[in-house]
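Working notes, structure below.
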Amino acid sequence: MSSSPEIPTSTLRLPWKHRLMLRLGTIATNTFCRSDFTINRWLTGILDRRTPPSSIPIDGVSSSDLLIDPSRNLWVRIFTPIDAVQSLPVIFYYHGGGFAFSYADSSLYHTTAHQFAKQLRAVVISVNYRLAPEFRFPCQYDDGFDALKFIDEIDDGTLPASADLGRSFILGESAGGNLGHHVAVRASEYAFKKLKLIGFIATQPFFGAEERTESEIRLCNQAPLSLRLSDWFWKAFLPVGSDRDHAAANVFGPNGRDISGVERFPATVVLVGGFDLLQDGQRRYYEGLKRMGKEVKMVELPNAIHGFFCFPDLPEYSSMIQEVRDFIAAQWQNCNKEGLVVQ
């Protein structure tokens with residue numbers, strides 16, 4: 001990777017400390033990503049700080065790990081609010097990182113999931129999935145879906161007593177949002193025993209296409225996700241020789257799948273950032289779901305950069321939390337009306 005993306009200071013309202021973090025993060029990512037679409041894992045291993053789980057509650061949330069399949073390092077980290085006096089929704093969380101970076105115990109995403117559990121009053125199950133380019137499509141989708149199946153089949157005493165699988169959600173951000181869509185499609189066609197997927201929260205989901213969008217051109221050098229880096233991620237993740245019209249990237253494009261007939265695809269909220277070059281693709285995803293008869297809402301956050309959820313002190317973060325809270329509450333009410341909830 002070459003030059004560092006620029007931040008347009010004339011219009012983007014962002015504190016200087018966050019600008020500095022974006023700059024340093026961009027330099028690091030450019031150093032990690034090689035021109036042959038491999039990653040310097042030795043260097044990422046040094047700089048990617050890990051956080052262990054804590055059975056002793058920290059800021060009102062405890063955490064624990066659950067191994068699913070050691071052969072592919074598939075495991076989950078479960079975050080539980082300790083003062084729950086009633087059942088809580090379950091959120092399956094898929095982190096971002098272009099399918100290529102970070103883990104469920106990376107400090108950044110540990111903190112993000114911890115905050116979701118606290119702020120959303122939910123049991124959050126953060127899935128550790130395999131990374132590209134060592135493991136390309138469809139490994140991440142397989143891991144994401146298999147985590148749902150595993151949780152559905154385990155004994156009742158394994159999960160926290162407050163976890164209500166009858167109101168389960170997927171929350172995916174960036175590449176995790178793309179992963180979340182594909183897992184949601186699979187889950188909608190699978191007969192779970194206890195788990196009912198009633199909502200999908202797509203936070204700045206990572207979709208693409210061969211044809212450039214206006215926002216990709218206009219924001220091509222916007223940190224932290226530049227067009228150069230976005231293209232690199234697709235090259236490292238998709239099958240060798242594929243382009244961005246592959247069904248994994250362009251989900252409703254020429255090679256994509258019409259999910260009109262997938263009746264149990266969950267209600268969806270799509271969060272879009274005004275300084276995210278992916279925004280046009282996210283709007284296209286929203287329009288595609290609407291066209292296929294799905295329940296979907298789009299929330300636009302005009303001053304949000306890609307990955308704003310990593311900065312809880314930004315007003316956009318508070319807006320996102322409130323929107324997600326409202327979405328979870330609405331789907332819970334719908335389930336009560338329809339008698340769909342498993343107690």
For L67, the hydrophobic cluster (side chain heavy atoms closer than 4.5 Å, chained through members) also holds W75
Which residue pairs pass the salt bridge (charged side-chain N to carboxylate O under 4.0 Å, His left out) test when at least one of the two sits in residues 317-330, sequence neighbours left out?
K297-E323
Interatomic distance, CG@L271 vs CZ@F309, rounded to 0.5 Å, equals 10.5 Å
When you check the gap from the basic side-chain N to the acidic O, do R283 and D280 get nearer than 4.0 Å?
yes
Would you indicate whether E263, at its atom CD, is surrounded by more than 12 heavy atoms from other residues, nucleotides or ligands within a distance under 6.0 Å?
no
Measure the CE-CZ distance between M320 and F308 for me, rounded to the nearest 0.5 Å.
5.0 Å
Would you mind checking if R186 and D142 are paired as a salt bridge, meaning a charged N to carboxylate O distance below 4.0 Å?
yes
Ionic contact status for E189 with R257, cut-off 4.0 Å:
yes
Between N178 (side chain only) and A248 (backbone N and O only), is there a donor and an acceptor less than 3.5 Å apart?
yes
Hey, is the main chain of S174 close enough, under 3.5 Å, to the side chain of Q204 for a donor-acceptor pair?
no
Counting distance only, does the side-chain N/O of R136 pair as donor-acceptor with the main-chain N or O of K235 below 3.5 Å?
yes
Using 30° and 60° as the class boundaries, would you call the ring planes of Y93 and Y109 parallel, tilted or perpendicular?
tilted
Hydrogens and angles aside, do D245 and N250 bring a side-chain donor and acceptor to less than 3.5 Å of each other?
yes
Partner set under salt bridge (charged side-chain N to carboxylate O under 4.0 Å, His left out) for R121, not counting sequence neighbours:
D83
If you measure from the Lys or Arg side-chain nitrogens to the Asp or Glu carboxylate oxygens, is any gap between D69 and R130 under 4.0 Å?
no
Does I56 CD1 have over 12 foreign heavy atoms under 6.0 Å away?
no
Identified ring-ring contact (aromatic ring centres under 6.0 Å, His included) counterpart of H95 within the set Y129, Y103, F116:
Y129
Do any N or O atoms from the side chain of T268 and from the backbone of P266 form a donor-acceptor pair under 3.5 angstrom?
yes
For S188 and V262, the nearest pair of non-hydrogen atoms, with its separation, is CB-CG1, 3.4 Å
Shortest non-hydrogen pair, L88 vs A122, comes out as CB-CA, 4.3 Å
Between R50 and D105, is the closest basic N to carboxylate O distance under 4.0 Å?
yes
Any side-chain to backbone donor/acceptor pair from S106 onto D48? Under 3.5 Å, distance only.
no
State whether the number of non-hydrogen atoms from other residues, nucleotides or ligands found under 6.0 Å of R212 atom CZ is greater than 12.
yes
From the list Y286, F206, F252, Y141, ring-ring contact (aromatic ring centres under 6.0 Å, His included) partner of H181 resolves to F252
If every non-hydrogen atom of T29 is compared with every non-hydrogen atom of F101, which pair is closest and at what distance?
CG2-CE1, 4.2 Å
As a test of understanding, state which of R13, Q222, H306 forms a side-chain contact (heavy atoms from CB on, under 4.5 Å) with F275.
Q222
